[in-house]
Novice: 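Just passing along the structure, written as structure tokens.
All heavy atoms count here, side chains included; hydrogens, waters and symmetry mates do not. The shown structure was predicted, so the numbers you read here are calculated from the model rather than taken from an experiment.
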Amino acid sequence: MQSGLLWDIFCTVIDNHGDLGVCWRLSRQLRDAGHRVRLWVDDASALSWMAPAAARGQEPGIDIRAWAQASEASVLSTLPPAHVWIEAFACEIPEAFVARGVASRERPPAWINLEYLSAEDWVARMHGLPSPVMSGPAKGWTKHFFYPGFTPDTGGLLRESDLLARQQAFDRAAWRTAHVPKLQPDGRLISLFCYEPAALPQLVSQLTGTPDHLLVTPGRPLAAAQQAMIGLTQQPRWSALPLTDQNGFDEMLWACDLNFVRGEDSLVRALWADQPLVWHIYPQDDNAHHAKLQAFLDWLQAPESLRRFHRVWNGVEPGPLPAPGQDTLAQWAGCTRAARLRLLAQDDLCKQLQVFAQDLVGRS
């Protein structure tokens, strides 16, 4: 396959930086595969901790651009046309950018909608389908859907080429000693990256009086944990973590015995971590996330204990939060490990996306 394509990736940050996290991972992986990337983002502030080298302009092959510049004629006139346009997660490329492309290009780019992750059955049916542009300056052009997913008939998941080597070289014991030097010999290390689950006070109560240690990530998880512990006469063993870059987040997941994650990017990272996980899915007003959660648990082939925990943790059903003992946690670990092996047998998202885009470039 020809390499060295130029990619324009457009990303808008909604509220939790997960979209930017995915787009940054994709940008890095495309660059490492020999491509050049322009990343257009409306709020790049999170890169200061997520990818410090990028924030300092020290990532060769990746040009980070302010979203507003995509509407500035003086900027657009200086840029070479990209082979591929990526609209990430339902964002829309500014009309001025599209109009400039129509006026200056001999042929359309490979225009791809990178969609949200889901395990629902319809994803495979929608993956790769064309979407004709019916109005605007690019009327008559065609976009194509690209759906991440968990099965071979979808676009797969992001996975760095050196991920397994990094995991093999990781010193888990040293990380745990450095970050939780007073971890009890029989204590489990549990990471917390969540929204505001109603069952969080139950988790705090379960951990209180045990040797387990809760590692709380910054932002909403820390605020939620502190709220859950207001008025307690006794608190669990816990500590707050600082902001970290993406590799640091991975290492936290690898080091823990149970990972509570949220959204899409951290779910994928938790699957690669090869440790038991609990997913806090992004809540939607119409409860559409209930079916999405169920589909994921079905794909995961989750045992009933893990399904029940997810349903309570995500507010799908009321009731006490099950307290996973060692045997239950071992069962969850086996489930996650089997899922990870299935995923490792499939091509990753970046590899599939390159093939998909190259085919579209060749057709146009």
Side-chain angles (χ1 to χ4, degrees), residues 117-119 150-151 157 159 163-164 167 170 172 175-176 180 183-184 186-195 197-200 202-208 210-217 221 225 236-238 249-282 289-290 292-317 319-345:
L117 174 64
S118 178
F150 302 94
T151 55
L157 303 177
R159 182 180 77 238
L163 175 66
L164 298 184
Q167 286 182 299
F170 177 62
R172 190 169 188 258
W175 193 101
R176 290 162 71 101
V180 191
L183 180 65
Q184 299 298 298
D186 56 344
R188 298 176 297 186
L189 197 55
I190 301 170
S191 72
L192 181 67
F193 184 55
C194 62
Y195 301 114
L200 181 55
Q202 293 187 59
L203 177 66
V204 168
S205 177
Q206 289 176 7
L207 295 177
T208 300
T210 74
D212 298 338
H213 188 101
L214 187 66
L215 284 174
V216 184
T217 54
R237 303 172 190 270
W238 74 282
F249 186 80
D250 282 343
E251 291 176 352
M252 177 198 72
L253 297 175
W254 302 345
C256 287
D257 302 298
L258 173 62
N259 292 306
F260 286 82
V261 292
R262 75 181 195 201
E264 298 182 11
D265 183 46
S266 64
L267 169 64
V268 174
R269 307 318 294 184
L271 285 167
W272 296 135
D274 200 21
Q275 300 295 337
L277 68 91
V278 174
W279 183 30
H280 195 186
I281 191 170
Y282 189 83
H289 60 290
H290 291 188
K292 188 174 180 179
L293 176 63
Q294 181 64 45
F296 169 72
L297 294 172
D298 288 344
W299 168 82
L300 189 63
Q301 300 173 21
E304 178 54 33
S305 60
L306 186 54
R307 291 172 185 265
R308 168 70 175 162
F309 197 104
H310 271 90
R311 291 195 297 267
V312 177
W313 185 248
N314 283 276
V316 176
E317 66 180 50
L321 189 71
Q326 289 299 113
D327 291 344
T328 299
L329 204 61
Q331 186 182 32
W332 293 5
C335 169
T336 306
R337 186 164 298 117
R340 179 176 180 268
L341 290 174
R342 295 198 301 272
L343 292 171
L344 286 172

Novice: Which atom pair, heavy atoms only, marks the closest approach of Pro221 to Cys194?
Specialist: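 Reported closest heavy-atom pair: CG-O, 3.4 Å.
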
Novice: Take the angle between the ring planes of Phe249 and Phe193 and call it parallel below 30°, perpendicular above 60°, tilted in between.
Specialist: perpendicular

Novice: To the nearest 0.5 Å, how far apart are CD in Gln331 and CD in Gln326?
Specialist: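 It is 13.5 Å, given to the nearest 0.5 Å.
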
Novice: Compare all side-chain heavy atoms of Gln275 with those of Leu258 and state whether any distance is below 4.5 angstrom.
Specialist: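 Counting from C-beta outward, Gln275 and Leu258 never come under 4.5 Å.
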
Novice: Run the side-chain contact (heavy atoms from CB on, under 4.5 Å) test on Asp250 and Phe170 for me, step by step, so that the C-alpha distance in whole Å, both residues' side-chain angles and the decisive distance to 0.1 Å come before the verdict.
Specialist: CA-CA 10 Å; Asp250 282 343; Phe170 177 62; over 6 Å; no

Novice: To the nearest 0.5 Å, tell me how far Thr210 OG1 sits from Gln184 CD.
Specialist: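 The OG1 atom of Thr210 sits 9.5 Å away from the CD atom of Gln184.
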
Novice: Kindly indicate whether the side chain of Val261, heavy atoms from C-beta on, has any atom under 4.5 Å from the side chain of Arg269.
Specialist: no

Novice: To the nearest 0.5 Å, how far apart are CG in Asn314 and CG in Leu293?
Specialist: 5.0 Å

Novice: Hey, what do you get for CD (Glu264) to OG (Ser118), rounding to the nearest 0.5 Å?
Specialist: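 Answer for the CD-OG pair, Glu264 versus Ser118, is 8.5 Å.
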
Novice: What distance separates Trp279 CH2 from Lys292 NZ, expressed to the nearest 0.5 Å?
Specialist: 5.5 Å

Novice: Between the side chain of His280 and the main-chain N/O of Tyr195, is any donor-acceptor distance below 3.5 Å?
Specialist: yes

Novice: Should Arg176 and Asp257 count as side-chain neighbours, where that means a heavy-atom distance under 4.5 Å?
Specialist: yes

Novice: Side chains of Thr217 and Met252: does their closest heavy-atom pair fall under 4.5 Å?
Specialist: yes

Novice: For a quick test of reading the model, state the closest non-hydrogen atom pair linking Gly319 to Gln202 and the distance between them.
Specialist: O-NE2, 3.6 Å

Novice: Indicate yes or no for a side-chain donor-acceptor contact from Arg262 to the backbone of Tyr282 under 3.5 Å, with no hydrogens or angles considered.
Specialist: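 Absent.
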
Novice: Is there a side-chain contact between Phe260 and Leu277 in this structure, where contact means two heavy atoms from C-beta onward sitting under 4.5 Å apart?
Specialist: no

Novice: When you compare the side chains of Asp298 and Gln294, does any donor N or O come within less than 3.5 Å of an acceptor on the partner?
Specialist: yes

Novice: With side chains defined as the heavy atoms from C-beta onward, is the minimum distance between Leu203 and Ile190 less than 4.5 Å?
Specialist: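 Sidechains of Ile190 and Leu203: no contact.
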
Novice: Mind checking whether Ser191 and Leu253 have side chains closer than 4.5 Å, heavy atoms only?
Specialist: yes

Novice: Among residues at least two apart in sequence or on other chains, which ones pass salt bridge (Lys or Arg N to Asp or Glu O under 4.0 Å) with Arg188?
Specialist: Asp212

Novice: Can you tell me how far apart CG (Leu306) and CG (Leu297) are? Round to the nearest 0.5 Å.
Specialist: 6.5 Å

Novice: Checking Phe150 against Leu271 for the side-chain contact (heavy atoms from CB on, under 4.5 Å) test, could you report, in this order, the C-alpha distance in whole Å, the side-chain angles of both residues, the deciding distance, and whether it holds?
Specialist: CA-CA 11 Å; Phe150 302 94; Leu271 285 167; 3.8 Å; yes

Novice: Counting N and O atoms only, with roles assigned by atom type, does the side chain of Arg172 sit under 3.5 Å from a partner on the main chain of Cys256, one being a donor and the other an acceptor?
Specialist: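 The answer is yes, because a donor-acceptor pair under 3.5 Å joins these two groups.
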
Novice: Indicate the atoms forming the closest heavy-atom contact of Leu321 with Gln206, along with that distance.
Specialist: O-NE2, 2.5 Å

Novice: Cut-off 3.5 Å, no hydrogens considered: what does the side-chain donor-acceptor table look like for residues 334-344, sequence neighbours left out?
Specialist:
from, atom 1, to, atom 2, distance (Å)
Thr336, OG1, Trp332, O, 3.1
Arg337, NE, Asp274, OD1, 3.3
Arg340, NE, Trp272, O, 2.9
Arg340, NH2, Gln167, OE1, 2.9
Arg342, NH2, Trp299, O, 2.7

Novice: Is there a side-chain contact between Thr328 and Phe309, using heavy atoms and a 4.5 Å cut-off?
Specialist: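 Thr328 vs Phe309: side chains apart.
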
Novice: Is a donor on one side and an acceptor on the other found under 3.5 Å between the side chain of Asp186 and the backbone of Pro211?
Specialist: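 Judged by distance alone, no pair lies under 3.5 Å.
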
Novice: With sequence neighbours left out, what residues match Trp238 under ring-ring contact (aromatic ring centres under 6.0 Å, His included)?
Specialist: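 In terms of ring-ring contact (aromatic ring centres under 6.0 Å, His included), with neighbours along the sequence ignored, Trp238 is linked to no residue.
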
